[in-house]
Number of protein chains: 2
Amino acid sequence: MRRQTVTLKDVARAANVSPSTASQALSGTGRMTEATRRAVVEAAQKLNYRPNAVAQGLRTGSVRSIGLHHLHAGDRFASDYFREFVTGVLDGTQRADYDLTLLSSNPQVPRNRVPRVDGVIIADPIADDLRARQLLDSGLPVVAGEHPPDGMPDCPVIAADHAGALRQILDRAAAHGVRRPAFVGPDANSGWGVLLRAEFERWCADQGLPGATGESRFGDLSVAEHRRVIGELLAREPATDLLVLSSEPIVQGALTALEAAGRRVGSDVLLACCGDSPTLAMTAPPTTAVDLHPRALGMACAELLIRLVEHDAEPPEAPVLLPAEVRWRASLPGGARVPLG
Amino acid sequence: MRRQTVTLKDVARAANVSPSTASQALSGTGRMTEATRRAVVEAAQKLNYRPNAVAQGLRTGSVRSIGLHHLHAGDRFASDYFREFVTGVLDGTQRADYDLTLLSSNPQVPRNRVPRVDGVIIADPIADDLRARQLLDSGLPVVAGEHPPDGMPDCPVIAADHAGALRQILDRAAAHGVRRPAFVGPDANSGWGVLLRAEFERWCADQGLPGATGESRFGDLSVAEHRRVIGELLAREPATDLLVLSSEPIVQGALTALEAAGRRVGSDVLLACCGDSPTLAMTAPPTTAVDLHPRALGMACAELLIRLVEHDAEPPEAPVLLPAEVRWRASLPGGARVPLG
DNA sequence: GGCCATTGACGAATCGATTTGGCAGTCCCT
DNA sequence: AGGGACTGCCAAATCGATTCGTCAATGGCC
């Protein structure tokens, strides 16, 4: 095993004091003459002493590190959303001088050790994720970014206001004259998908419109699979004049499927996506999408968690909703009414 | 401070054995009857015992976490290179069941504690980064991804074969008839920039060609600034017929500057970039660039570091060079000769 | 029966810090 | 001179695990 090169004991010996005095001298606590304190500080400097964070962590119970758990985090840096989210979290943690630990996250293998962190952020909780469940049961403070699916233990939640943004899109689409809306999003594994689907169906019921829905397997990023799902939906519901999609990867599949079906996006059929990404501004035509401000969301998660960790503050009862903004583009314009059909 | 809910002592009490026996029972070491071992394991399960990784870390000297240090990591997730690099590192660490800790990295403020990690990867070491220096001095095993600049303490290095790729580009450009090559890259802060610049100048000397160079401040991502630098270079050396740029952000500035100067990329002037990114395939015309395989590089760093940490293996003497591939595109075609000028 | 080897379990030390309680010694006041 | 208040410093306990050496009990063998 790797031993510490210089320990507090060495410093104490060099300064001719006891370890306890040395500790107090360096942390600015305790009672002693200025001369003693200086002697210790100088000895520490001369020896290039750096306290062992693990030992400090054991004694004080805080390691100044926040854990970030995300299913398959490895693949997911590809997603703009997650990348921005992490950037936000990192902003928040670094501001408070915490490290950020990306937790090893093979969902199949539960993990033995409790990670050496003060608290955990679970990004995008998924129902069948064993490790997330472990973390929730571990007694560590946890904050979820996005709503956990049903059946997960409760924990404080910070989420974007998906429902509000979705309603804006649907209302606008109704103003454009849409009669046959459809929604495609992930299965029940994702709390976020369930929420969107429920909101979509509620809105359809309110308007007295038939709502068609399709399911994409959560986490599947392949264009081909999404194309298939959308193709089937269009075959089932050929009169569909609005497609609301949960996330950016599905849009690519939808565009292909729509083209194959001879439908023209922005006139024959309107299209919107519940999560934005730079590529959506570059599709032809550009796709209306919801900017979830993932960076702000990540930052908010970090800040809340650090507050919980440091001050044992009361966690918020209800989920905290952060505003989400619709970026209106040609696939479903925000302005003047488009002639449909 | 937050206390552990269930400790080894609790398990031992429940199983009617001493803590030492409990520890040995759970780790499969020591001598005891099968009955005793089972009793301990069952007690641990019933109490939902999870060992405290911090205490384990203190005792064993290993916390199963690798640190990743990168200057301003917060902003840098924007860079495709870094993102891919991190993904590779994450691949490598997760495969060995290590966590990855993104070290808080404000370069101005040196840090007191030695981080709770078994080793550190320094991505893209920069000369005036205090924290990188601290890490190198800390006694922790360190691996650098990319060459550290002169003046940094030695450490094992894994890097892409920049020089080889640059030579391929220059040779190809020479075959196209280039007479006035120019290079723009970061200042001496970056080991990578220094290496590229030196290789460029060596090649020019070998060929008996005059080589012009420009400097971009390292870490500056603004298009306007790069445009200015390239504009000045073009004013100074109007006959320039090849621009080799260190990294992707500079390309945007170069394209603007070249257009303003009325130069046509791919015919009047050839253009290449020493680091690839998806956007470079989408410029007009597409830009020839070097694919540094950042993901493979990150993975290699993680694997080497874990080997060093676990087996106290000998670090490689010389920098390990990973192959880099030139992606030939219209801005400097790899195939038939283009008529220059 | 006497001796040695082996087994099963445990006590105590250890990793490197923090923190509490207390012990001398000094100073001041009456 | 005696008592109280205060100062400067330290010993020891603690955080939660691991590990080494020890020891009593058992078994086998001559």
Side-chain angles (χ1 to χ4, degrees), chain A residues 1-40 43-44 47-64 112-118 138-140, chain B residues 1-41 43-44 47-64 112-116 118 138-140:
Chain A
M1 76 170 276
R2 208 168 295 279
R3 277 258 180 358
Q4 184 97 348
T5 43
V6 182
T7 72
L8 186 62
K9 236 197 275 190
D10 300 323
V11 175
R13 219 186 333 260
N16 260 316
V17 296
S18 73
S20 34
T21 303
S23 170
Q24 297 178 131
L26 292 174
S27 67
T29 61
R31 289 185 312 220
M32 70 200 63
T33 58
E34 253 325 291
T36 308
R37 199 180 295 276
R38 248 202 332 273
V40 172
L47 297 178
N48 190 22
Y49 166 72
R50 315 265 308 280
N52 178 324
V54 177
Q56 280 182 323
L58 178 59
R59 181 62 235 244
T60 64
S62 156
V63 290
R64 292 201 84 79
N112 197 20
R113 291 165 294 137
V114 170
R116 313 140 295 87
V117 293
D118 299 327
S138 71
L140 282 171
Chain B
M1 75 170 277
R2 207 169 294 278
R3 278 257 178 359
Q4 184 98 346
T5 43
V6 182
T7 72
L8 187 62
K9 236 198 273 190
D10 300 322
V11 174
R13 221 187 332 260
N16 260 314
V17 297
S18 74
S20 37
T21 303
S23 170
Q24 297 179 130
L26 292 174
S27 66
T29 62
R31 288 187 311 219
M32 71 200 62
T33 57
E34 253 324 292
T36 308
R37 197 181 296 276
R38 249 204 329 275
V40 172
V41 170
L47 297 178
N48 191 21
Y49 165 71
R50 315 265 309 280
N52 178 323
V54 176
Q56 280 182 322
L58 178 59
R59 182 61 237 246
T60 64
S62 155
V63 291
R64 291 201 83 79
N112 197 20
R113 292 165 293 138
V114 169
R116 312 143 295 87
D118 299 326
S138 71
L140 282 171

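Quick caveat: nothing in here was measured; it's all calculated off a predicted structure. Residue numbers start from 1 in every chain, and the chains themselves are labelled A, B, ... in the order their sequence lines are given, proteins ahead of strands.
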Handout entry: Side chains of A:S27 and A:T29, donor plus acceptor under 3.5 Å
Key = yes
Heavy-atom nearest nucleotide on DNA chain C taken for B:A55 and for A:S27; more 5' hit belongs to B:A55
note: B:R13, atom CZ; C:dC10, atom P; distance rounded to Å ~ 14 Å
Rounded to whole Å, the OH-P distance (A:Y49 to C:dG16) equals 10 Å
The helix from C:dG1-D:dC30 to C:dT30-D:dA1: angle between terminal helix axes, five bp per end, to the nearest 10 degrees, reads 70°
From NZ of B:K9 across to C1' of D:dA17 the rounded distance in Å is 11 Å
Fill in: Side-chain donor-acceptor contact under 3.5 Å, A:S62 with A:T60
no
The reported gap from CZ in A:R13 to OG1 in A:T7 (rounded to nearest 0.5 angstrom) is 7.0 Å
Taking only nitrogen or oxygen atoms into account, show me every contact under 3.5 Å that the protein makes with nucleotides 6-11 of chain D, one pair per line with its distance.
| residue | atom | partner | partner atom | Å |
| --- | --- | --- | --- | --- |
| D:dG8 | N7 | A:R31 | NE | 3.2 |
| D:dG8 | N7 | A:R31 | NH2 | 3.2 |
| D:dG8 | O6 | A:R31 | NH2 | 2.8 |
| D:dC9 | OP1 | A:T36 | OG1 | 2.8 |
| D:dC9 | OP2 | A:T33 | N | 3.0 |
| D:dC9 | OP2 | A:T36 | OG1 | 2.9 |
| D:dC10 | OP2 | A:S18 | N | 2.9 |
| D:dC10 | OP2 | A:T21 | OG1 | 2.9 |
| D:dA11 | N7 | A:S20 | OG | 3.3 |
| D:dA11 | N6 | A:S20 | OG | 3.1 |

A:R59 CZ to D:dA12 P, in whole Å, measures 16 Å
For A:R31, the salt bridge (charged side-chain N to carboxylate O under 4.0 Å, His left out) test, sequence neighbours excluded, returns none
Looking only at C:dT18, D:dG16, C:dG16, the nucleotide nearest the A:Q56 side chain is C:dT18
B:L58 atom CG is separated from C:dA13 atom C1', nearest whole Å, by 13 Å
A:L8 atom CG is separated from C:dT14 atom P, nearest whole Å, by 17 Å
| Do any N or O atoms from the side chain of B:R116 and from the backbone of A:V63 form a donor-acceptor pair under 3.5 angstrom? | yes
Checklist entry - Quick one: is D:dA17 close enough that its OP1 or OP2 comes under 4.0 Å of any side-chain N or O from B:S23? => result no
Whole-Å distance, A:D10 CG to C:dG16 C1', equals 11 Å
Taken to the nearest whole Å, CD/B:E34 to P/C:dT7 is 14 Å
side-chain contact (heavy atoms from CB on, under 4.5 Å) filter on B:A25, not counting sequence neighbours, yields B:M32, B:R37, B:V40
Is there a side-chain contact (heavy atoms from CB on, under 4.5 Å) between A:V117 and A:L140? Walk through the geometry before answering. CA-CA 8 Å; A:V117 293; A:L140 282 171; 4.0 Å; yes
Residue pairs passing the salt bridge (charged side-chain N to carboxylate O under 4.0 Å, His left out) test with at least one member in residues 16-29 of chain A, sequence neighbours excluded, are none
Sorted by chain and residue number, the side chain to side chain donor-acceptor pair (under 3.5 Å) partners of B:T33 (sequence neighbours excluded) come out as B:T36
